[in-house]
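Written out below as structure tokens is the structure these notes cover.
Treat the numbers as computed from the prediction; the structure is a model and nothing was measured.
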Amino acid sequence: MSEMRKIEAIIRPMKLEDVKTALSDAGFVSITVTEVKGRGQQKGLVQQWRGREYCVDLLPKTRIEIVLLEQDVDRVIELIQGAAATGNIGDGKIFVTPVETAIRIRTGEIGKDAL
């Protein structure tokens with residue numbers, strides 16, 4: 001069983017700073033952030049422009065990725081969920097997957113030493 005996990009969180013873009021602050025304050029500073037588009041139960045928004053209705057079904061979201069030790073997974077999930085939640089549909093999802101290995105390019109360190 002792997003000692004490392006990857007947490008991938010899809011959140012509202014407006015909550016990124018809150019999540020970054022919560023993670024950083026708890027000592028989790030290494031993250032990757034990507035702007036993405038997607039839809040879930042929210043399914044999109046109907047907007048009006050120049051008198052016509054348009055359905056925007058792929059909404060802007062932010063994906064945060066963190067690779068960490070298995071022992072830290074529950075804590076990081078709590079931090080992300082607490083900082084990203086608004087209580088409304090479209091708050092996002094968190095996924096956790098095993099990581100087989102990690103390699104620090106600069107030094108060649110492998111496994112948890114590379115984190």
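In this structure the side chain of R5 reaches within 4.5 angstrom of the side chain of P98, judged on heavy atoms.
Applying the under-4.5 Å side-chain rule to Ile, Leu, Val, Met, Phe, Trp and Tyr, the cluster around V33 extends to I7, I11, L16, V19, L23, F28, I31, I64, I66, L68, V73, V76, I77, L79, I80, I94, V96. Using a 4.5 Å cut-off between side-chain heavy atoms of Ile, Leu, Val, Met, Phe, Trp and Tyr, I110 falls into a hydrophobic cluster with I103.
Closest approach of A83 to A22, counting heavy atoms only: CB-CB, 4.0 Å. Here the shortest heavy-atom pairing between P13 and P60 reads CD-O, 3.4 Å. Closest approach of R104 and D113 over heavy atoms only: NH2-O, 3.5 Å.
Environment of CD in E8: crowded, with over 12 heavy atoms of neighbouring residues, nucleotides or ligands closer than 6.0 Å.
Every salt bridge (Lys or Arg N to Asp or Glu O under 4.0 Å) that E65 has, sequence neighbours left out, goes to K6, R63. In this structure, Q71 has no side chain to side chain donor-acceptor pair (under 3.5 Å) partners at least two apart in sequence or on a different chain. Under the rule for a side chain to side chain donor-acceptor pair (under 3.5 Å), the partners of K20 that lie at least two apart in sequence or sit in another chain are E17. Qualifying salt bridge (Lys or Arg N to Asp or Glu O under 4.0 Å) partners for D18, counting only residues two or more places apart in sequence or in other chains: K15.
Put simply, the side chain of D91 never gets that close to the backbone of A85: no donor and acceptor are under 3.5 Å apart.
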Self-check item: side chain to side chain contact (heavy atoms under 4.5 Å, CB included) between E78 and Q81, intermediate numbers included
Solution: CA-CA 5 Å; E78 288 175 15; Q81 193 169 12; 5.9 Å; no
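To the nearest 0.5 angstrom, L69 atom CG is 8.0 Å from M4 atom CE.
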